[in-house]
Amino acid sequence: MTLGNRRHRLGSTSPGGDPLPAVTCKKPPFRVISVMATPSSVIPNSGRALAPEEAKREDAPKPRKEFDDLISTLPLNQDWIPIRLRKYQDFWIPEHSLPEVMAMQQNFQARLDDLFVLSYPKSGTTWLKALAFAIMTRTRYSMADHPLLRSTPHDFVVCIDRFFSGGRPSKLEAMPSPRMLSSHLPYPLLPDSMKGAGGRFLYVCREPKDVFVSRWHFNDKMRPDSVEPIPFGKAFDLYCDGVSPYGSIWEHARGYWGESLRRPEKVFFLKYEEMLEEPAGSAKKLADFMGCPFSPEEEKEGVVEEITRLCSFDSLSKLAGSMPRKLNTKLPLQTTSFFRKGEAGDWRNHMSEEMARRMDAVTSQKLEGSGLTFGISAGVEANGM
Ligand SMILES: Nc1ncnc2c1ncn2[C@@H]1O[C@H](COP(=O)(O)OS(=O)(=O)O)[C@@H](OP(=O)(O)O)[C@H]1O
């Protein structure tokens, strides 16, 4: 079925240099105002505009050494091989991405019509990227010739900090609006322009025990043969203490949850388990929030189901398997690295009851008073879970 007849605009390139389709929606999701500011025209965390001479100075790429010097002073954890973590602004951030994160914090200017896919890693990021991209571009592609059939969702919704690895993020600035970008950064670490009026957030969270199991396997896949896997029990202790990539998971989820309550028009908060249970319902809610709801005709024609089928675990994992290749990232990742089981409740096959109880207790304590709970509707017990 043809979903639309718009022409595919190739407006930019991914950090790796691959074509990155411009994202359009049948109905523009919100007023499209280009506020593409010169990076660094505002002093980070102050909102004060820079004088022209200051701006010129600030426009130059930050010397990497300045960041490296700072990074070397931060608390270090080396257990999640091959990822080294540094405690930065109260969160454990992968050391290899910290220079880019710092450059992004200083320079990234969000636009009003940006859409950001945000998540704690292993919570359903790949899935949400695919869904959001397919929903947003549905009038341009036929299902038979969809870009997701040829490339991974991570090629279409690219992590913002990756644009900052080579100094000035010119490719990012050249992307036509509305842009779709992603980040694993916790809310407090986002650049001011994102926390302010710039863009809207799609955040996905997942039951912490399942996220942990997924993370443990993911790390294991990246491990060089010469290195022993991180023992499950040790990884568990670290994770419960918040020492995991972009951790702690509880502070991460709580930050975005709080913002979704304060500003529901800015932050759409999804749960992986609810997406599993109600894929079509979740896609419809997503489309509503993104400003391009499915029309009654589209619903009648089965467009919602076509999109959810294309983005399902079965479909995406098979596609990844049919185009195995290394991704253009600093970690040893393949197109297939983002797919394992795609289920809720796999923690039961990995954790003792005592471990599960312990992590549930951490969850209850860390989320106390927030109103955020996990997994009830997917048959995973709620906190005390
Ligand atoms: N389409 C779809 N539907 C359901 N589940 C899916 C889908 N795509 C990926 N997955 C599962 O999500 C886990 C990977 O998480 P992320 O995509 O957040 O990883 S990453 O942060 O981008 O590295 C990982 O979970 P586990 O299977 O539990 O390890 C993937 O299998």
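All ligand and atom numbering here is 1-based and tracks the order in the structure.
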Residue-ligand contact K122/ligand 1, heavy atom below 4.0 Å: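 Contact present.
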Contact check, M275 vs ligand 1, heavy-atom distance below 4.0 Å: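 Per 4.0 Å heavy-atom rule, M275 does not contact ligand 1.
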Atoms in ligand 1 with a heavy atom of [X] nearer than 4.0 Å:
| X | answer |
| --- | --- |
| H184 | 21 (O) |
| T125 | 16 (P), 17 (O), 18 (O), 20 (S), 21 (O), 22 (O) |
| S214 | 13 (C), 24 (C), 25 (O), 26 (P), 28 (O), 29 (O) |
| P121 | 21 (O) |
| H154 | 22 (O) |

- prompt: Where does the angle between the aromatic ring planes of F116 and F201 fall among parallel (under 30°), tilted (30 to 60°) and perpendicular (over 60°)?
  reply: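 The arrangement is perpendicular - the two ring planes meet at more than 60°.
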message: Parallel, tilted or perpendicular: which one describes the rings of H154 and F338, with boundaries at 30° and 60°?
response: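 Aromatic pair H154/F338 classed tilted.
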- request: Decide if atom CD of E354 counts as having more than 12 heavy atoms of other residues, nucleotides or ligands within a radius under 6.0 Å.
  value: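 Counting neighbours around CD of E354, 12 or fewer heavy atoms of other residues, nucleotides or ligands fall under 6.0 Å, so no.
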message: Other residues, nucleotides and ligands only: do more than 12 of their heavy atoms fall within 6.0 Å of CD on Q89?
response: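 More than 12 heavy atoms, drawn from other residues, nucleotides or ligands, come within 6.0 Å of this atom.
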message: So, regarding G342 and ligand 1 (criterion: nitrogen or oxygen to nitrogen or oxygen, under 3.5 Å), is there a contact or not?
response: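 Yes, G342 has an N/O under 3.5 Å of an N/O on ligand 1.
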Test of proximity, F218 against ligand 1: N or O pairs below 3.5 Å: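 No, no N or O pair falls under 3.5 Å.
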message: How long is the straight-line distance from CZ of R309 back to CE of M143, given to the nearest 0.5 Å?
response: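 M143 CE to R309 CZ: 9.0 Å, rounded to 0.5 Å.
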Under-4.0 Å salt bridge between K122 and D210: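 Here K122 does not pair with D210 in a salt bridge, since their nearest N and O are not under 4.0 Å apart.
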Shortest heavy-atom approach to [atom] - which of [options]:
| atom | options | value |
| --- | --- | --- |
| atom 11 (C) of ligand 1 | Y272, F339, W347 | Y272 |
| atom 1 (N) of ligand 1 | C159, S123, C311 | C311 |
| atom 25 (O) of ligand 1 | K221, K129, R206 | R206 |

message: At under 4.0 Å between heavy atoms, is it the side chain or the backbone of S312 that contacts ligand 1, or both, or neither?
response: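 For S312, only backbone atoms sit under 4.0 Å from ligand 1.
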field: Region of S119 engaging ligand 1 - heavy atom pairs below 4.0 Å
entry: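 For S119, there is no contact with ligand 1 at all, from either part.
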- prompt: Applying the ring pair (Phe, Tyr, Trp, His ring centres under 6.0 Å) test to F212, which of W250, Y239, W347 qualifies?
  reply: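 Going through the options one by one, the only one that passes is Y239.
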Counting non-hydrogen protein atoms only, what is the nearest one to [atom]? Give residue, atom name and distance.
| atom | value |
| --- | --- |
| atom 31 (O) of ligand 1 | R340 N, 2.9 Å |
| atom 3 (N) of ligand 1 | W127 CD2, 3.2 Å |
| atom 30 (C) of ligand 1 | F338 O, 3.2 Å |

field: salt bridge (charged side-chain N to carboxylate O under 4.0 Å, His left out) partner of K284, chosen from E299, E305, E298
entry: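 Of E299, E305, E298, salt bridge (charged side-chain N to carboxylate O under 4.0 Å, His left out) with K284 is met by E299 alone.
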field: Candidates R162, R325, K129 - the one meeting salt bridge (charged side-chain N to carboxylate O under 4.0 Å, His left out) with D155
entry: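 Considering R162, R325, K129, a salt bridge (charged side-chain N to carboxylate O under 4.0 Å, His left out) with D155 is found only for R325.
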task: Could you tell me whether the side chains of S177 and R111 share a donor-acceptor contact shorter than 3.5 Å?
output: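 Looking only at side-chain atoms, R111 and S177 do form a donor-acceptor pair, the distance falling under 3.5 Å.
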